[in-house]
Protein chains: 2
Amino acid sequence: MTELRPGDASLLRKVNTQVTLRALRREGVATLTRLGRITGLSRQTVEAVLDELGGRGWVREVPPDEGVMGRPARRFGFRADAGHVVGVDVGGDRILACLADLNGDVVAWERAGVPDDAPAPERLEAARRTSLACVDAAGVPRTRVLTVAAGTSGIVDRTGRVSLSTVLPGWTGVDLAGLAGRWFGCTGLAANDANLAALAEHWRGSAQHASDVVYVLAGHRLGAGILIGGRLHAGRSGAAGEIGALRQVGWDDAARELVKEAGAEEVFAAAGAGDPEALRRVDHYAEGLAIGASALVLTVDPDLLVIGGGKARAGEVLLAPLRRHLAELCLRAPEVVTSTFGEESVALGAVRLALDHVEREVLNL
Amino acid sequence: MTELRPGDASLLRKVNTQVTLRALRREGVATLTRLGRITGLSRQTVEAVLDELGGRGWVREVPPDEGVMGRPARRFGFRADAGHVVGVDVGGDRILACLADLNGDVVAWERAGVPDDAPAPERLEAARRTSLACVDAAGVPRTRVLTVAAGTSGIVDRTGRVSLSTVLPGWTGVDLAGLAGRWFGCTGLAANDANLAALAEHWRGSAQHASDVVYVLAGHRLGAGILIGGRLHAGRSGAAGEIGALRQVGWDDAARELVKEAGAEEVFAAAGAGDPEALRRVDHYAEGLAIGASALVLTVDPDLLVIGGGKARAGEVLLAPLRRHLAELCLRAPEVVTSTFGEESVALGAVRLALDHVEREVLNL
DNA sequence: CGGAGTTATGAGGAGAGGTCTCGTAAGGTG
DNA sequence: CACCTTACGAGACCTCTCCTCATAACTCCG
């Protein structure tokens, strides 16, 4: 549970530094008095904290406001550009890298294709090049990157190694976190793509106000990411949510049948237009999805179910039958929504993971 | 996430009080110097904290040790009897109440039968009487009971109301937590039985060293309790783990077939003796159990799977085939063990739940 | 242009908590 | 009874915080 260490006086400073910094980051730019009011601390305390943070480079004083009553207050701003993080989605056929500042504001994207059957070294090299290019293009010095996080399909253990991948050739056993860290000479992290997508949706997407979230990645395979209490739950070996293995749910058949003749997009489009055969097929696909999801939903009983991955673009055409089947399968089905970030969610989730790490370790709060 | 409040100086005292109290409870009886060493606090601080706790009645000074080198040190002990908690298992055919002190040491048990088809008021009255009798028999004043927690089958929401019960007549809608609290005029809590059993196993049973635990209650129905990071995960509506609704797993058939002609015990006994037909039936039951459990295991990827409930008494006869089936169904099956507390686990888990509440709210740490 | 009003700053003092040190007390041991 | 060991108690000192009050800097208005 909560590790509990005794506190000497400096603990207080630590806590108040954290409180102040959070308030400042929410405000963007603020005066001492304002920060004092919203944190509940005295102006003097806030000033001392900000002095220290300024010395460490996390906070900078900005010119005072003009045209306002009274003596102009010194104003401070969080230096979001004091450091950066990189999130990279290492997918089956493409690499997507994202550079963000400490506020999580995206500074640059970089994208590259990679062959489906590319061997691991080639894929890794592409990921490396794309990540570096992303940073260079933004004009950010590589040394400013404090943490890099990578997302990929397959099972990623807590050390960031891919312990099992069934789709990417030679991917099993790759120490993704370690390698990614070496690209920039900083800490590297790695996690499962569905998990990161869930994180992204909770951060700024459709799952913002939910605490327990199940994110279902409906693509070629069925993967899922789980958030418990707003935090990622990866499980003992990182395999939490890998419900695809549950053969009983008959997921594979449903997916195969959807794309039997035409592409998935076409089928969804036809279903949207009212074509009966297309509707039947979408319904069958939705049922398979619902059965897989129901195992997750019944287990976790989440506040929200988010549907992501390629098939989520179909929107209500897929969601309506999905909700119907889910209501049949679960005692009390949660709200169901689609992902807001689509293709970018994994890279954004990686950014969030990296930011979490920075906030915990580097700002050592 | 973590709510973060600014700290004035008294926060320090709070933290150090908590640290000291925990250390003292682990030690049982300890001197100031010893507490100082293990907490990392100075002797003076520990003394001040203990003074205050003594005034509030949580700590008492005990006679110094004799026959030891040097000036005898003052010794202090946690007053485990400064308060008590009651945990009660409201089952289908019996009530089991448990009184424990603040160390969680059981002071008294009390048991009563209740008809399977007893209406809710009768069952509640039996639970009330049993709980009160348990406390009275131990000679503990009823006002000393700080919290009472109840466990029962069915879905219990976070306010402690039974929001759905399919087995106990009239049970749906009962405000179990509220009623239980009124028995003693203190805080009442209520939770699902499988959840509490999981808590008990994690507290002092076979799941002590696991952080993420799935507890499967294999009885007439299939219920499950889930611990994430050592904490109970009940889900949005308290329905987490209610995998029994997942019809696809074919759980019902397997359970019915096991007890088709003879009682379950006989079948297990025969299987243990090598009877082929009994072995086949146990295997089939184990398969059904494994399929249900695999949905939980694939979702949560726990450190440990605990099998509880009536059928768990069969031990290895059931566990061996269960492990085998589970290994087939899951990519990496977790360790599987049986419950250590058996019938008492729900009441013990309720005690733990009540103690958690006391430690959080009453000792207001 | 200068006073009135407004708001932030800066220094000084007080208080809570915690640590360290050192002389003293209270037992054993030879 | 001297000596060793261990704990106690009081005092000095540090850190962090808050409060107060005089002062500074700027706007607004006559």
Side-chain angles (χ1 to χ4, degrees), chain A residues 4-24 27 29-56 59 61-77 364-365, chain B residues 4-24 27 29-56 59 61-77 364-365:
Chain A
L4 213 48
R5 279 156 307 179
D8 72 329
S10 75
L11 191 163
L12 224 48
R13 191 31 93 70
K14 229 174 184 171
V15 169
N16 289 338
T17 301
Q18 178 149 193
V19 172
T20 306
L21 195 48
R22 284 206 192 186
L24 183 57
E27 295 291 307
V29 166
T31 68
L32 295 179
T33 327
R34 167 139 188 79
L35 282 175
R37 256 208 311 279
I38 59 181
T39 57
L41 294 164
S42 74
R43 196 179 49 78
Q44 287 86 335
T45 303
V46 172
E47 184 172 14
V49 166
L50 254 44
D51 258 15
E52 199 185 317
L53 286 173
R56 280 200 262 159
V59 160
E61 190 164 353
V62 301
D65 220 358
E66 286 179 15
V68 64
M69 241 356 172
R71 172 173 179 170
R74 300 168 67 193
R75 296 195 311 157
F76 297 85
N364 81 352
L365 301 180
Chain B
L4 212 48
R5 281 156 308 181
D8 71 328
S10 75
L11 191 164
L12 255 166
R13 195 26 99 69
K14 228 174 185 171
V15 168
N16 289 338
T17 302
Q18 179 150 194
V19 172
T20 306
L21 194 48
R22 284 208 191 183
L24 182 59
E27 294 291 306
V29 166
T31 68
L32 295 178
T33 326
R34 167 139 188 80
L35 282 175
R37 256 207 311 278
I38 58 181
T39 57
L41 294 163
S42 73
R43 194 175 48 77
Q44 286 87 334
T45 302
V46 173
E47 184 171 16
V49 165
L50 254 45
D51 258 16
E52 198 185 318
L53 286 172
R56 281 200 263 158
V59 159
E61 189 165 353
V62 301
D65 220 357
E66 285 180 16
V68 64
M69 248 338 182
R71 173 173 177 171
R74 298 168 67 193
R75 296 195 312 156
F76 297 85
N364 81 354
L365 301 181

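Below, chains carry the letters A, B, ... as their sequence lines are ordered, and counting in each starts from 1. The figures here come from the full heavy-atom set of this structure, side chains too, leaving out hydrogens, waters and symmetry mates.
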Any A:Asn16 side-chain nitrogen or oxygen under 4.0 Å from OP1 or OP2 of D:dC16:
no
Using whole Å, report how far CG of A:Asp51 lies from P of C:dT9.
12 Å
If you round to the nearest 0.5 Å, how far is CZ of B:Arg43 from CG of B:Leu50?
12.5 Å
Length of the CG-C1' vector between B:Leu50 and D:dA7, whole Å:
15 Å
I need the CZ-C1' distance between A:Arg74 and D:dA25, as an integer number of Å.
14 Å
Using the closest heavy atom to pick a nucleotide of DNA chain D for each, name whichever of A:Ser10 or A:Glu66 lands nearer the 5' end.
A:Ser10
When only distance counts, do a donor and an acceptor, one from the side chain of B:Gln44 and one from the base of C:dT21, lie under 3.5 Å apart?
yes
From CG of B:Asp8 over to P of C:dA16, roughly how many Å is that when rounded to an integer?
11 Å
Touch check for B:Arg43, heavy atoms < 4.0 angstrom, all strands: base, sugar-phosphate only, or nothing?
base
Output yes when a side-chain donor or acceptor of B:Asn16 lies under 3.5 Å from a complementary backbone atom of A:Gly7, and no otherwise.
yes
Integer-rounded Å distance: C:dG27 C1' and B:Arg75 CZ
15 Å
Which of the following nucleotides, D:dC16, D:dC18, D:dT5, is nearest to the side chain of B:Met69?
D:dT5
Rounded distance in Å - CG (B:Leu11) to P (C:dG15):
22 Å
I need the single residue from B:Arg75, B:Arg37, B:Arg34 that forms a salt bridge (Lys or Arg N to Asp or Glu O under 4.0 Å) with B:Glu27. Which is it?
B:Arg34
Of A:Ala9 and A:Phe76, whose closest DNA chain C nucleotide lies nearer the 5' terminus?
A:Phe76
OP1, OP2 of D:dC18 versus side-chain N and O of A:Thr45: anything below 4.0 Å?
yes
Roughly how far, to the nearest 0.5 Å, is CG of B:Leu24 from OG1 of B:Thr17?
12.0 Å
Contacts of A:Arg13 and A:Arg71 projected onto DNA chain D by closest heavy atom; the upstream (5') one is A:Arg13
Taken to the nearest 0.5 Å, the spacing of A:Thr20 OG1 from A:Leu53 CG works out to 7.5 Å
Check every atom of C:dT9, D:dC8, D:dC18 against the side chain of A:Ala73 and return the nucleotide holding the closest atom.
C:dT9
